[in-house]
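In what follows, chains are A, B, ... by sequence order, proteins preceding strands, each numbered from 1. Keep in mind that what you see is a predicted model, and the values were worked out from it rather than measured.
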There are 2 protein chains.
Amino acid sequence: MQTPGDFVREQVTSVRSTVDRVADSVADASGVSAVSSSVGDFIREQRNAARVSLRELARTAGVSNPYLSQVERGLRKPSAEILASIARGLKISAETLYERAGILDRRSGNPDTVAAIRSDDALSERHKAVLLELYETYVREHRASSPAAS
Amino acid sequence: MQTPGDFVREQVTSVRSTVDRVADSVADASGVSAVSSSVGDFIREQRNAARVSLRELARTAGVSNPYLSQVERGLRKPSAEILASIARGLKISAETLYERAGILDRRSGNPDTVAAIRSDDALSERHKAVLLELYETYVREHRASSPAAS
DNA sequence: CCCGGGTGCTAGCTCCTGCAAGCGGAGCGG
DNA sequence: CCGCTCCGCTTGCAGGAGCTAGCACCCGGG
């Protein structure tokens, strides 16, 4: 029989490829300190953190590369549809970009993520354990890369 | 120019119409009949439910009345900014309109957990993406194994 | 040396959003 | 009947979104 700990490890391993990429961008993110004021800056930051060229992001997002260039530099104000496409290309949530673009107000404060996961009855206990394990790992990484917190 | 009395009356009317609409939608909730396909239909429904004229909504939303007319009839595709203004004028959440407009796909699962992860600033965007992806996978698995959950 | 392919950016165009102006119709007081 | 105000809609236009084509630059290989 498998212990819960083993199961957690197995799950984490199963998403390793994705995590590896994330680890890369986190390692990169240590140098990223500038607070982006506009959406474009934020997009460019995320793109650079992901080590993706402008043209490649344009391709995966289904946008023309000149237009993406102009958006990143703040020369054009992309529509929500384009923002959603870019978010998809960057593998981040559309809400985040909308928020940066000022078309979506920030959601309620800072709820406890751990509590939310623990009390979520759409998850089995084992899945909760996986998510919590991964979550705490990420938080540790984040703290290590941005000591400015607290 | 507007007298203070008019202003008060306007506010009272606004509140009352909101209450009316809530009551309506509650009564409606028993059987959702009118499913609006486009955003415009939904806006018009909400406006009619609020007993507000097109011109008045246009005024409170800060949009021109001809344009609002065209939006409601599906002749124009409003930008997210305009949608946000209209949502404000209708006193409904922007997310709802975005969802109707197809520029925001509401994720599956417990919205509280999703919101918690999204608004957790101890996580990078890419970490959020990983956690959300994993979370959704788990929720789907859970639903598949226990279809009894409503 | 030059060529192919990569990077990001500029020029010019088309299409459509969003607005101001104006239309006909409905209700209401004189 | 006329004049006024509201309703929603149509028209024509300015401006910007988003694209295609092409620019300059850099790098590795023939």
How many whole angstroms separate atom CZ of B:Arg76 from atom P of C:dG18? 9 Å
Need to verify one output field. Residue with the more 5' nearest nucleotide on DNA chain C, A:Glu72 or B:Pro66? A:Glu72
Please examine the side chains of A:Lys91 and B:Glu133, heavy atoms only from C-beta on, and report whether any two atoms are closer than 4.5 Å. no
With a 4.0 Å cut-off on heavy atoms, is A:Ser53 in touch with a base, just the backbone sugar-phosphate, or nothing at all? sugar-phosphate
OP1 or OP2 of C:dG8 versus the side-chain N and O atoms of A:Arg47: is any pair under 4.0 Å? yes
Under 4.0 Å, counting only non-hydrogen atoms across every strand here, what does B:Ser64 touch: a base, just sugar-phosphate, or nothing? base
Relative to the ring of B:Tyr98, is the ring of A:Tyr98 parallel (under 30°), tilted (30 to 60°) or perpendicular (over 60°)? perpendicular
Across the strands shown, which category fits A:Val63 at heavy-atom distances under 4.0 angstrom: base, sugar-phosphate, nothing? sugar-phosphate
Interatomic distance where CZ belongs to A:Arg73 and P belongs to C:dC9 [whole Å]: 5 Å
Taking only side-chain nitrogens and oxygens of B:Ser69, does any of them come within less than 4.0 Å of OP1 or OP2 of D:dG8? no
In whole angstrom, give the distance that lies between atom CG of A:Leu68 and atom P of D:dG18. 12 Å
N-O pairing of A:Glu56 and A:Arg59 below 4.0 Å: no
Just how far, in rounded Å, is C1' of C:dG6 from CG of A:Leu57? 16 Å
At under 4.0 Å, does any side-chain N or O of B:Ser79 touch on OP1 or OP2 of C:dG18? yes
Which whole-number value in Å describes the distance from A:Ile82 CD1 to C:dC16 P? 14 Å
Specify the separation, in whole Å, of atom CZ of A:Arg55 and atom C1' of D:dA21. 11 Å
Whole-Å distance, A:Arg51 CZ to C:dG6 P, equals 20 Å
Beyond-backbone contact of A:Ser93 with B:Arg118, side-chain heavy atoms, under 4.5 angstrom: yes
Is there a side-chain hydrogen bond (donor to acceptor under 3.5 Å, both in side chains) between B:Thr96 and B:Arg100? Walk through the geometry before answering. CA-CA 6 Å; B:Thr96 307; B:Arg100 291 283 181 151; over 6 Å; no
Let me know the distance between CG of A:Leu75 and C1' of C:dA11, rounded to the nearest Å. 13 Å
Residue mapping more 5' on DNA chain D - nearest nucleotide basis, B:Gln70 or B:Leu54: B:Leu54
Indicate, yes or no, whether a donor-acceptor pair under 3.5 Å links the base of C:dC9 to the side chain of A:Asn65. yes
